[in-house]
Amino acid sequence: MVTENGRAELRGLYIDPALPLTIAVGQAFDLVSMPAAVGHAALTALRARRVRLGPVVADSRRSVMRVGFLVAPAPEDQAPVAGHAGHAGHAETAALREWAGRLGGALGVRVGGRGSTATLPPLLPWRGWLHWLVPPGGAAVLWTPAGALLSVLSEPTGARLL
């Protein structure tokens, strides 16, 4: 069961909300991962544009230092159907994935979908290397719009700021 905001799916995946969760990516969400500096700049730009953000996670281990935006999953085996409810997010994610494959590597942007995994922070307060920059639930009501994220990352002025 997939809801528009994905909160139910994300919370339902945790066996113990006090522990980190490693899960397969590509069904409930795709993960757009980037170096921490790029991710924090993108998050700041999205907030300045008043984009309603979905969950955003940060891995602060010195060897990793990445930020990940959870976006709607793009089906890998089929093209989005124009006009079909729910496929706008899929089309945006597919466009973001295509951009990351061509140009995003220069910024260190990767899109994880089916066949990849992600480790998410606990849902309860936790002092560890993983933490939510935008937690699921509460003010985070949608998956981060992939189109808005692509816009911020690919704009010539935005790329200079990042």
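Here the structure is a predicted model, which means the values were calculated and not measured.
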Check this for me: Leu124, atom CG, are more than 12 non-hydrogen atoms of other residues, nucleotides or ligands nearer than 6.0 Å?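 Enclosed.
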Is atom CZ of Arg49 surrounded by more than 12 heavy atoms (other residues, nucleotides or ligands) closer than 6.0 Å?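 Atom CZ in Arg49 is packed in, count exceeds 12.
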So, does Thr44 use its side chain to make a donor-acceptor pair with the main chain of His40 at under 3.5 Å?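 Between the backbone of His40 and the side chain of Thr44 there is a qualifying donor-acceptor contact (under 3.5 Å).
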Ignoring hydrogens and angles, tell me if any N or O in the side chain of Thr144 forms a donor-acceptor pair with the backbone of Gly54 under 3.5 Å.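 Pair found, side chain donor or acceptor close to backbone of Gly54.
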Closest approach of [X] and [Y], non-hydrogen atoms and distance?
{"X": "Val32", "Y": "Val109", "answer": "CG1-CG1, 3.9 Å"}
{"X": "Tyr14", "Y": "Pro122", "answer": "CE2-CA, 4.1 Å"}
{"X": "Ala42", "Y": "Val152", "answer": "CA-CG1, 3.9 Å"}
{"X": "Val111", "Y": "Ala100", "answer": "CG2-CB, 3.8 Å"}
{"X": "Thr93", "Y": "Ala72", "answer": "OG1-O, 2.7 Å"}
{"X": "Leu53", "Y": "Leu43", "answer": "CD1-CD1, 3.3 Å"}

One pair to check against side-chain contact (heavy atoms from CB on, under 4.5 Å): Asp30 and Arg97. What are the steps and the verdict? CA-CA 10 Å; Asp30 281 356; Arg97 181 183 290 143; 2.7 Å; yes
CA sep, side-chain torsions, deciding dist, call: Val51, Leu149, side-chain contact (heavy atoms from CB on, under 4.5 Å): CA-CA 9 Å; Val51 172; Leu149 184 56; over 6 Å; no
Residues in side chain to side chain contact (heavy atoms under 4.5 Å, CB included) with Leu19, at least two apart?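 Per chain and number, Leu19 pairs via side chain to side chain contact (heavy atoms under 4.5 Å, CB included) with Asp16.
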Option from Thr119, Leu31, Thr117, Leu120 for which side chain to side chain contact (heavy atoms under 4.5 Å, CB included) with Ile23 holds: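 Of Thr119, Leu31, Thr117, Leu120, side chain to side chain contact (heavy atoms under 4.5 Å, CB included) with Ile23 is met by Leu120 alone.
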Check residues 55-71 and write down every donor-acceptor pair under 3.5 Å in which the side-chain atom is one partner and the other belongs to a residue at least two apart or another chain.
unit_1: Asp59; atom_1: OD1; unit_2: Arg61; atom_2: N; d: 3.1
unit_1: Asp59; atom_1: OD1; unit_2: Arg61; atom_2: NE; d: 3.0
unit_1: Asp59; atom_1: OD2; unit_2: Arg61; atom_2: NE; d: 3.3
unit_1: Asp59; atom_1: OD2; unit_2: Arg61; atom_2: NH2; d: 2.5
unit_1: Ser60; atom_1: OG; unit_2: Trp129; atom_2: O; d: 3.0
unit_1: Arg66; atom_1: NE; unit_2: Ser33; atom_2: OG; d: 2.7
unit_1: Arg66; atom_1: NH2; unit_2: Ser33; atom_2: O; d: 3.0
unit_1: Arg66; atom_1: NH2; unit_2: Ser33; atom_2: OG; d: 3.2
unit_1: Arg66; atom_1: NH2; unit_2: Gly108; atom_2: O; d: 2.7

Leu96 CG to Ser151 OG distance, which is reported to the nearest 0.5 Å: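 If we round to the nearest 0.5 Å, Leu96:CG and Ser151:OG are 11.0 Å apart.
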Holding to side-chain hydrogen bond (donor to acceptor under 3.5 Å, both in side chains), I want the full list of residues that pass it with Ser116, two or more places apart in sequence or in another chain.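 For Ser116 there are no side-chain hydrogen bond (donor to acceptor under 3.5 Å, both in side chains) partners, ignoring immediate neighbours.
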Is the closest side-chain heavy-atom distance between Glu98 and Leu103 below 4.5 Å?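 Heavy-atom side-chain distance check fails, nothing below 4.5 Å.
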